[in-house]
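Scroll down for the structure; my scribbles are underneath it.
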There are 2 protein chains.
Amino acid sequence: MRARRPTIVDVAREAGVSVATVSRLINGDEKVNADYTKRIRAAIDLLGYQPDERARQLRRGRTQTLGATVRSIAEPHPVLRAVDGEARALGLSMIVMSTGDDPEREREAVMAMCRRRVDGILIEPVAESLAYLQPEIDLGLVVVAFDRPAGDVALDTVLSDNRGGIRQAFDHLTALGHRRIAYIGDDERIYTGHERAEAVRGHLRDLGESVDGMVHAGPVHTETVAAALDVLHRLPVPPTALITGNAATTLEAVRCLGTAFGSTTLVGFDDFALVDLLPAAFTVIAQDEARISETILELFRDRLARPTAPVRTVVVPTALIVRGRQEALT
Amino acid sequence: MRARRPTIVDVAREAGVSVATVSRLINGDEKVNADYTKRIRAAIDLLGYQPDERARQLRRGRTQTLGATVRSIAEPHPVLRAVDGEARALGLSMIVMSTGDDPEREREAVMAMCRRRVDGILIEPVAESLAYLQPEIDLGLVVVAFDRPAGDVALDTVLSDNRGGIRQAFDHLTALGHRRIAYIGDDERIYTGHERAEAVRGHLRDLGESVDGMVHAGPVHTETVAAALDVLHRLPVPPTALITGNAATTLEAVRCLGTAFGSTTLVGFDDFALVDLLPAAFTVIAQDEARISETILELFRDRLARPTAPVRTVVVPTALIVRGRQEALT
DNA sequence: CTAGGGGAAGATAACGTTATCTCGCAGCGC
DNA sequence: GCGCTGCGAGATAACGTTATCTTCCCCTAG
C-alpha cells in the first residue's frame, strides 16, 4: 500500500506545533522560536514533505509563473533561452508551449496557460486575431508580443527592425555596385515576411529598377525556392545579388544553388551558428536577440508594475555582419 | 478598479443554478437539462469565465501534466518534439525546464515540478545521483530517464545503442579497408561520451591496433578539437578515418579541418538537418528519435498503469546512414 | 392510492495552503 | 496594582474547485 503524501498538517503534528507555525517557517518568517524551528525542520526531513504548489498558488493568488508560446519547442530559439535565464533570476518559473505556427494550437496553449493563472504570457503571435485575450488582459494578465505585432489587441510589443535590416542590405549591396537585387522569403501572410518583401520592393523602386519577378514570397520549401531561383535566372536582366528573407530560406537557397553558391552575392536575413561552415561565407542581417530578450522582460516588468500605462512597441535595430570577399560589381 | 476574476460561484449565481450543476456541465456530465445548459453557457460567455486549473488539480489529485528536463530549452531537441506531440494526444500538458547540464539546476527543476505535483517527469539525467528522487517515486511519481541512465536509483530508462552505433561505424570503415580509426568526442564523465569512447577502444584492440593517442574525449570546443586533430596528425602512423562522438564535435571537426575536410574519411555520431549543406557529404550514425520518443511514453504509460512492475531499460538501435563517395583505402 | 425506484439538481465537505484574527504572556510605565 | 503594548503561537476562514451525500419530484408497479 502506498503512503499518502505528507501535508503541512502532518508536519505540524509530527513537530507538535500548529500548521500556522510551519507555514511561517516555510515562508521565511523570522519570528519562529529556535527550538520550534529545529523540530519542524526535523519533521520535514523525516516525512519528506514538499509543499503543494497548487494549494499555495490558489491561496496566494499569484503564481510567479511566466508562460511563453513559440513556434516549436524543439528548434533553436535564442530569445527563449535568454528569457529563460532572466526569468529565473527574477524568481519566476517558466512554462513553454509550442504552437507549430497553428492559430488553433496557439489559442489552446494560451488558454491553458490562463487556466493555470500564469502571471504573464510572452507570445510570438501566429493567429490573425488575439481578441480572445482581451478579457484576460482586463483581468490583469500581462501579455507581451514579440517578433510579430498582435494586430487587433493593444499589447506591449518587441519587434526587430525588419525594414531597417533590408535597408542595411541594400546600402551594402548598392555600395558594391549592385542594382538588380532579388529577394526570396517567407509567406507575406506572416508579418515578418510581408515587411521584408515590402521593404525590398520599396528600395527597388527607389533605384528605378523594375520589381517584376524580383520578389518571391511564399512558403519555404526546397521546390519553391528552386522555382524562384529559376524565375530569377530567366529574367531578361537577371539579378546580380540575392537577399534571402530568413534562415530557412537562406539554407534552402544554399542547397539549391549547389556549386553556383560560391559565386553568388548573397545576403541572408538572420545569423545562425553554422553559417561559417557553409562552403562559402556571406553577409547576414543579424537580429539582436540579447536586446530583444531584455526588452521583452523589461516590458513585462513595467506592465506588472503599472498596469494602466499606455502600451509600448519597441523596435530593435538589426546589424549587418559582413562576411566573405566583398567584390565590387564590374 | 479592476474586476475580480469570475469564479464558478459567479457563474452559478448568474445562471440561477447551483455550483454543482455548473461543475457537472464543465466536466462533460451528460445529465444536465437542456435549458440549464443554455443558461450556464450564456453565463460563462457573459462573464468570460475560465476554470482555475490550480483549484481543479488540487481537488482532483492528478494534474494531467508531464514534466521534462532537458539540457537546453533553446537548442534543437528531436526527442522532445515528438514527446510533446504524443503527450498532447494523450491529453497531457507538458512543462519543460532546462538544466544547462548543471546538476544543481537539474535538481531545482525537478523539485519544482514535484511541488507542482506533475504526474510524471522525463529526465535526461545530468547529476551523478538522483537519490533525492526516491521519496517522490515512493509516493507515486513516475520518472523515465532517457539518453543517459540514472545511476543510483531504479528508473525505467530509454537509451540509444551507443556501442552498437560505434560497431556499425567500424564495420563500415573496415569494409573500406580502414584500420587506423581515430575518435574525438565528448567528455567521458558524460555517459554517452564514455560509452562511445570505450567502444572505439575495444574495436581498435580487436583489430590489433594501438589505442595510444587515437581516442580523444573531453569538453567540446574549437580549441580542444583542433588540439586533438593536431595530435592525430603527428602520430607515427596517422589515422585514415575519424569518428566524431556527437553533433557538436562533428561540427567543430568540420570547422577545424577546413579545406582538408573534403578529403577526410569521416563518420559522425548523430544525424542533423544541415549535414547535406556542408562542403562534402559524410556518413553518420543516426539515433532513432521517433522510436526513442515512443518508447519513453510507452514506459511512462506502463508505469502509471502498473506502479509495482519491475523497472525496464530499453536500448534503441542506431542506423548507419551512408553518404558521400565510398572509396576503398588503397 | 401508496410505496418504491430512478434521475436530476442542490448543499456541502473536502483538497493543502496562507492571511487574519485571537489569545496568552511578558515587560513596562504610571 | 493596572492597563497598555508587543510579540510569538494557535485557531480558523478563506482560495475555487469537485465528489459525495441529500433532497426533490416524477413515474410506475402493486
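In what follows, chains carry the letters A, B, and so on, assigned in the order in which the sequence lines appear, proteins first and then strands, with residues in each chain numbered from 1. Note that these values count all heavy atoms, side chains included, but never hydrogens, waters or copies made by symmetry.
- Within the 4.5 Å cutoff, the side chain of B:Val126 has no heavy atoms near those of the B:Asp102 side chain.
- Residues B:Leu66 and B:Ser93 fail the side-chain proximity criterion, which asks for heavy atoms closer than 4.5 Å.
- Take the nearest nucleotide of DNA chain C for B:Val17 and for B:Leu58: the residue whose nucleotide is more 5' is B:Val17.
- The distance from atom CD1 of A:Ile8 to atom P of D:dG10 is 12 Å, rounded to the nearest whole Å.
- For the side-chain contact (heavy atoms from CB on, under 4.5 Å) with A:Arg24, the qualifying choice from A:Val32, A:Val19, A:Val17 is A:Val32, the only one to do so.
- Atom NZ of A:Lys31 is separated from atom P of D:dG10 by 16 Å (rounded to the nearest Å).
- A salt bridge links A:Arg117 with B:Asp52: at least one charged nitrogen is closer than 4.0 Å to a carboxylate oxygen.
- Along DNA chain C, read 5' to 3', the first and last nucleotides having any atom under 4.0 Å from a heavy atom of chain B are C:dA8 to C:dG16.
- Between B:Arg148 and B:Glu124 there is no salt bridge, since none of the side-chain N atoms of the basic residue sits less than 4.0 Å from a carboxylate O of the acidic one.
- The pair B:Glu136-A:Arg5 counts as a salt bridge, with a side-chain nitrogen and a carboxylate oxygen less than 4.0 angstrom apart.
- Between B:Arg24 and A:Pro6, the residue whose closest nucleotide on DNA chain C is further toward the 5' end is B:Arg24.
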